[in-house]
Amino acid sequence: MRIALAGNPNCGKTTVFNRLTGSSQTVGNWPGVTVERKTGWCALGKIRAEIVDLPGVYSLAPYSPEERIAGAYLKSGQADFILNIVDAANPVRNLYLTSQLLQLGIPVIVVLNRMDAAEHKGYAYRTERLSQALGVPVVAVTAAKGVGFEELRRICGQEAAAGLQPLAPRLDKDPGLDPEAAEADSRYRWAERVVAQACRRAPAKGCETTLKLDRVLTHRFWGIPLFFSILFLIFYLTFGPLGSLLESAQLLPALCQNANALLTGLGVSQWVRSLLVDGVLSGVGSVASFLPRILLLFALLSLLEDSGYMARVAFLMDAPMRRLGLSGRAFVPLLMGFGCTVPAVLGTRILEKEKDRRLTALILPFFSCSAKMPVYTLFATAFFPNAAAAVILGLYLFGVIMALLSALLFKNTVLSGEPEPFIMELPDYTVPGLRNLWLHVWQRLKDFLIKAGTMLLLASITLWLLQSLTPALAPAADASQSILAALGHWLAPVFSLCGFGSWQAAVALSAGLLAKENVVGALAILYPAGIAGAFTPAAAISFLIFVLLYPPCAGAMSVMRREMGKRRWMLLTVFYQLAAAWYCSAMFYQCTSLISRYFFHQ
């Protein structure tokens, strides 16, 4: 049996999918988070069902990529029946889509989700009457809390569910309107009649919390400054006292020392000991030591996302983004860029115009992905321990500024034109569920474990081998005589104006082209005594600026090449980011040096 999940954005459809399948798909509070259909498996009694999570849509009219994907799948006849997720707190708007699904001739089960929010708004449903009005089973659930899923599984597992024949609405169209407007009007009037039959609404309980919060958080003057203040608080907690409690970097030296002593006691050769301790443990372990801070950061950002606040930020940023040639809808993939550039580039598919997709993809790498976080943390805590949060937040903001300036440049040159209009629903504020929060954090942890077991491990071993062998493939008495040093010396002059013209820094940056986590692993291998004596504070900031702005990992570039259609757009991204990284890094270091010399002589 194949079951399709269909519903509006923000109705909790993906949460229902996760509850049914035990999957860990991304749950968000904006339209377009599920751009592609996702599948999972669910046991329904004796039936093993495939669950297909379709993109959130408001209708089946093929005006947006999401509507085309959902409509094409449902009309293809691949689904045995449809689970239509309806937001019980906003029934009329959601039943518009229901009216279209009932006309497809496919069995439908209506799932009234967010019953707790509906009760808070004063809605009281009689599901039997709603079922009679629609001609299909209706199940009330609260997906965020797992309420009602036993009943849902029971009804889905009944063989009769696959043979239900829904009642198609008889739609009374106004002849005085044009055909499209008449159809929309008739569907909404039908939805209002159905809700009137099966639901009564009492005065909402308590105060209108959402409206009161929005008066402050979306204010035209202080809404954006308040958002940056919240961001600063998050960074302060992550890199300030709370993050310090979770920091495990001090465990790494003891772990390496104990591992070396254990291997020595077991009679392991010096060559193998060096590989395991100086290569694997120092390389992979140096990145792992920053994992608690990264997980804390994403847990705090997930709280903002699941609460509904990030949708308000998209609303606030729409006007300034349009002045720069970006659609407000582009905020969704740009925000995803703070997690990982790969899904963020894939997320540009929610933009209809090719120009908007390319413009968004071109500036996405300036939004710092989580892989850069260990590099920022390493340098900020080593050189600016009392101002680490401010330094890292400054880097994030500088990346955003560079992205917006780049968008303005591309808008007036190679990608001119007006952005598409942006319409977005603002969901009610909700208290984030612990389960969804854990799914967000687990996804980051799983990504790291996969990288640590593959790419980081391979990179650490490769760097150790290149550092331990001379160009003649003999053991290197000193790292400065190694293959790695020879390669680094060839690249180092490029960075002399940036303040870090050492071969070690050049090698670390080169390793970061495969994965940004490799930068920390390479520095741990190349500077076993630490980086504190290898950079000046100005050179450290200059190095961080370069890491912030230079091209993303190879995986992200591969996805950009595929999504942007032509290789020249990917090459433009690479050369533009390399030029921007080198120029900004060199300008910062040279200006800082001039100012320092002036005041020193004074």
Side-chain angles (χ1 to χ4, degrees), residues 324-326 334 337 341-342 344-345 348 355 357-369 371-372 375-376 379 394-416 487-503 505-516 518-519 535 538-561 563-594:
L324 298 169
L326 287 166
L334 292 178
T341 307
V342 172
V345 172
T348 60
K355 187 266 307 181
R357 292 196 297 272
R358 285 177 174 171
L359 180 57
T360 305
L362 279 171
I363 66 171
L364 256 173
F366 288 124
F367 287 76
S368 289
C369 67
K372 296 178 182 178
V375 188
Y376 299 163
F379 278 81
L395 287 168
Y396 272 75
L397 294 181
F398 182 61
V400 172
I401 292 170
M402 284 295 297
L404 299 181
L405 292 177
S406 300
L408 188 61
L409 171 65
F410 291 133
K411 171 198 172 185
N412 293 310
T413 53
V414 294
L415 290 170
S416 59
L487 296 173
H489 282 304
W490 181 73
L491 286 173
V494 175
F495 304 108
S496 57
L497 289 177
C498 302
F500 47 88
S502 64
W503 67 267
V507 167
L509 290 173
S510 301
L513 291 174
L514 290 177
K516 293 297 177 284
N518 289 341
V519 175
F535 296 81
I541 294 292
S542 177
F543 186 88
L544 289 178
I545 291 174
F546 196 94
V547 171
L548 166 71
L549 300 179
Y550 85 133
C553 66
M557 297 310 302
S558 174
V559 171
M560 290 183 72
R561 163 68 179 85
E563 292 297 310
M564 298 176 80
K566 296 181 180 179
R567 185 178 300 172
R568 69 169 181 263
W569 292 105
M570 187 268 289
L571 294 177
L572 173 63
T573 302
V574 171
F575 289 120
Y576 178 74
Q577 287 209 270
L578 283 173
W582 185 90
Y583 180 79
C584 292
S585 179
M587 283 295 292
F588 173 83
Y589 183 76
Q590 294 302 319
C591 290
T592 303
S593 300
L594 286 173

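Values below: every heavy atom of this structure, side chains too, minus hydrogens, waters and symmetry copies. Given the structure is predicted, the values throughout are model-derived calculations rather than measurements.
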Discussion item. Would you compute the distance between atom SG of C369 and atom CG of L364 and round it to the nearest 0.5 angstrom?
Written reply: 11.0 Å
Worksheet item: Which heavy-atom pair separates V375 from L544 by the least distance, and what is that distance?
Response: O-CD2, 3.8 Å
Item to complete: Work out which heavy atom in V519 is nearest to a heavy atom in G512; give both atom names and the distance.
Response: CG2-CA, 3.6 Å
Discussion item. Against F546, only a single residue in F588, F495, Y583, F535 fulfils ring pair (Phe, Tyr, Trp, His ring centres under 6.0 Å); can you say which?
Written reply: F495
Worksheet item: Rounded to the nearest 0.5 Å, how far does OH of Y396 lie from NZ of K372?
Response: 9.0 Å
Worksheet item: Within a reach of under 6.0 Å around CH2 of W569, are more than 12 heavy atoms found that belong to other residues, nucleotides or ligands?
Response: yes
Worksheet item: Taking C-beta and beyond as the side chain, do P552 and Q577 meet within less than 4.5 Å on heavy atoms?
Response: yes
Practice prompt. Using a 4.5 Å cut-off on heavy atoms from C-beta on, say whether the side chain of F379 contacts that of L395.
Written response: no
Practice prompt. Indicate the atoms forming the closest heavy-atom contact of Y576 with S406, along with that distance.
Written response: OH-OG, 2.7 Å
Worksheet item: Counting N and O atoms only, with roles assigned by atom type, does the side chain of S510 sit under 3.5 Å from a partner on the main chain of A506, one being a donor and the other an acceptor?
Response: yes
Worksheet item: Any side-chain heavy-atom pair from L578 and P551 closer than 4.5 angstrom?
Response: yes
Item to complete: Output yes when a side-chain donor or acceptor of S585 lies under 3.5 Å from a complementary backbone atom of S542, and no otherwise.
Response: yes
Worksheet, complete the sentence: What one should report as the nearest heavy-atom pair of N412 and L408 is ND2-O, 3.0 Å
Fill in: Nearest-0.5 Å distance, CZ of residue F410 to OG1 of residue T360
12.0 Å
Worksheet item: If you round to the nearest 0.5 Å, how far is CZ of R567 from CE of M560?
Response: 14.5 Å
Worksheet item: Can you tell me how far the SG atom of C498 sits from the CD1 atom of I541, to the nearest 0.5 Å?
Response: 14.0 Å
Worksheet entry | Any side-chain heavy-atom pair of L509 and F500 under 4.5 Å | yes
Response to the item:
Interatomic distance, CD1@I363 vs CG@L334, rounded to 0.5 Å, equals 5.0 Å
Fill in: Flag side-chain contact, heavy atom, 4.5 Å: L487 against L491
no
Fill in: Minimum side-chain heavy-atom gap F366-L404 below 4.5 Å
no
Worksheet item: What heavy-atom pair brings I545 and C584 nearest, and what distance separates the two atoms?
Response: CG2-CB, 3.9 Å
Worksheet entry | Minimal non-hydrogen separation, Q590 against L497, with atom names | NE2-O, 2.8 Å
Practice prompt. Would you mind reporting whether F398 and L549 have side-chain heavy atoms less than 4.5 Å apart?
Written response: yes
Practice prompt. For residues K516 and Y550, determine if any side-chain heavy atom of one lies less than 4.5 Å from a side-chain heavy atom of the other.
Written response: yes
Worksheet entry | S368-Y376 side chain donor-acceptor pair, cut-off 3.5 Å | yes
